[in-house]
Amino acid sequence: MTDHLAQAHDLLATHPIVDGHNDFPWALREQVRYDLDQRDMATDLTAYTHTDLSRLRAGGVGAQFWSVFVRSDFQGDTAVSATLEQIDVVRRFTDRYATDLRPAVTADDMEAARTEGRIASLMGAEGGHSINCSLATLRTLYDLGVRYMTLTHNDNVPWADSATDEPKAHGLTRFGEEVVREMNRLGMLVDLSHVSADTMRDALRVTEAPVVFSHSSARAVCDHPRNIPDDVLESLPANGGVAMATFVPKFVLPEAVAWTREADENMRAHGLHPLEMTPAAMKVQRAFEEANPRPMATVSTVADHLDHMREVAGIDHIGIGGDFDGTAFTPEGLGDVAGYPNLVAELLDRRWSPADLAKLTWQNAVRTLRGAEDVARAAQTTRGPSIATIDQLDAAEPDAAKPDAAEPDAAE
């Protein structure tokens, strides 16, 4: 493994990681209310976060999609405002650390950053609640630099079902389909992490452009509703998209699913949201873990998912989306963004070729964004911005767009 680790570092120097999802902006919000002096990325932030500049460099990260996430209990204009605050902090720290970070909104920008030796800094909005059912707001997020939107987070939106909520629309409503079409017209990637399997299938039916799963692993390996079923993975070659495997233990290790449910209940019993990562919340999490040792996912656990995803979707349609700073728990060997060489070394040990690893780490994600850009250029010659509203399109659908659809998978 030592020789493979050295080989991994060499490979990442040429074909660095495109990480599909990092929640560092939310950590800044929760911990220091966006005070960059208190969380200086140019210093060692190991005591506070999974992410800082030196660890991004050590991990071989060449492009980072920063999640401009807001929790799905934020609703309406509150969700929109909080999303704008998240975008603002990404733009501020990208400017502040311009020697290391390069703003990026296109595939060409990503390649330019790699040539310059900087880390491409992109943004993805995590949850359709961030647009408050407004296509004009969607366009504004795009204008501000957001290049993917996850259609839902942990709760349904009025026009799409989440993987971890009770089914209502049984996929996408008519307005949800219009959201996908407008994202295609803009060149914003449709992100299908967090959505129900029926929403995945509907989006793949409607989309004209490649899709992304910014941080989801294989349902066949770990039966969690946040993961991707095999029939959806099988559809990616025809679509041209990419499924970016995540590392969150409860999504990759079956034994961790029940343990995490108990940990979440413990957080609620202490009056805390399960996703909260303030110092007080982390103290509660650490105490629970000490009293209830958790099943440990490892680098090998994650590699098992990538092996399966490669077999089902093909080497051209997989990538990596760690979800660092969006989870309290991480696998052994992947404790922070510096851990990526350990995963690449594990895959080399499993006889993945350097050419295949270059696709996994860099080429597939860049190609997918470029594909969305190509579709947008063509679409903009035939149609203008959509002014449709949810009331116009979904008025005749009081409860569900497709009442006869098969029941989706239950939430955890």
Side-chain angles (χ1 to χ4, degrees), residues 1 4-5 7-9 11-12 15-22 59-63 65 191-193 200 210-224 226-237 239-256 296-324 327 330-368:
M1 180 63 77
H4 281 155
L5 187 58
Q7 188 178 354
H9 282 287
L11 186 144
L12 291 172
H15 298 285
I17 298 287
V18 179
D19 184 339
H21 195 89
N22 183 305
V61 176
F65 277 93
D191 179 17
L192 299 180
S193 288
M200 295 176 195
V211 302
V212 64
F213 291 81
S214 65
H215 58 309
S216 294
S217 292
R219 185 71 179 267
V221 180
C222 182
D223 189 12
H224 191 287
R226 271 283 281 105
N227 287 333
I228 313 169
D230 275 2
D231 70 289
V232 175
L233 286 171
E234 289 168 355
S235 71
L236 283 179
N239 167 263
V242 61
M244 308 179 88
T246 193
F247 307 158
V248 179
K250 68 177 177 180
F251 301 154
V252 297
L253 184 68
E255 296 86 348
M296 286 298 296
T298 66
V299 172
S300 180
T301 310
V302 177
D304 289 344
H305 282 264
L306 285 167
D307 277 342
H308 181 82
M309 293 164 75
R310 175 187 180 181
E311 179 180 350
V312 178
I315 189 58
D316 294 315
H317 302 285
I318 56 176
I320 294 171
D323 204 10
F324 286 119
T327 177
T330 56
E332 187 176 297
L334 287 166
D336 57 31
V337 294
Y340 285 118
N342 296 330
L343 177 59
V344 174
E346 172 69 21
L347 296 174
L348 285 165
D349 198 46
R350 297 181 181 211
R351 302 185 184 279
W352 284 49
S353 71
D356 284 353
L357 287 165
K359 292 181 177 182
L360 173 77
T361 60
W362 181 263
Q363 294 169 359
N364 291 344
V366 175
R367 185 205 68 240
T368 298

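Computed over heavy atoms, backbone and side chain alike; hydrogens, waters and symmetry mates excluded. Since the model is a prediction, treat every value here as computed from it, not as a measurement.
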For the backbone of [Y] and the side chain of [X], can you confirm whether one donor and one acceptor N or O come within less than 3.5 Å of each other?
X: Asp230; Y: Val312; answer: no
X: Asp349; Y: His4; answer: no
X: His305; Y: Ala245; answer: no
X: Asp336; Y: Thr330; answer: no
X: Ser193; Y: His215; answer: yes

Does the side chain of [Y] come within less than 4.5 Å of [X]'s, by heavy atoms?
X: His15; Y: Leu357; result: no
X: Arg310; Y: Asp356; result: yes
X: Tyr340; Y: Thr361; result: no
X: Leu347; Y: Leu360; result: yes
X: Phe247; Y: Ile320; result: yes
X: Arg367; Y: Asp316; result: yes
X: His9; Y: Leu5; result: yes
X: Thr301; Y: Pro331; result: no

Please say which of Ser235, Pro210, Pro237 ends up in a side chain to side chain contact (heavy atoms under 4.5 Å, CB included) with His317. Pro237
Report yes or no: do Asp323 and Thr246 form a side-chain donor-acceptor pair below 3.5 Å?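 Distance-only check fails for Asp323 and Thr246.
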Please test Phe65 against Val18 for side-chain contact (heavy atoms from CB on, under 4.5 Å), starting from the C-alpha separation and ending with a verdict. CA-CA 8 Å; Phe65 277 93; Val18 179; 4.2 Å; yes
Quick check for you: to the nearest 0.5 Å, what is the distance between Leu348 atom CG and Leu343 atom CG?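 Answer for the CG-CG pair, Leu348 versus Leu343, is 10.0 Å.
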OG1 (Thr298) and CD (Glu346) are apart, to the nearest 0.5 Å, by 7.5 Å
I need the minimum non-hydrogen distance between [X] and [Y], along with the two atoms involved.
X: Gly240; Y: Thr368; answer: O-OG1, 3.7 Å
X: Ala218; Y: His308; answer: CB-CD2, 3.7 Å
X: Ala243; Y: Leu236; answer: CB-CD1, 3.7 Å

Please determine whether salt bridge (Lys or Arg N to Asp or Glu O under 4.0 Å) holds for the pair Asp304 and Arg350, giving the CA-CA distance in whole Å, both sets of side-chain angles, and the decisive distance to 0.1 Å. CA-CA 10 Å; Asp304 289 344; Arg350 297 181 181 211; 2.8 Å; yes
If you count the non-hydrogen atoms of other residues, nucleotides and ligands that lie under 6.0 Å from CD in Glu234, is the total more than 12? yes
Under the side-chain contact (heavy atoms from CB on, under 4.5 Å) rule, what do Leu12 and Ile17 come out as? Steps first, then yes or no, please. CA-CA 7 Å; Leu12 291 172; Ile17 298 287; 3.8 Å; yes
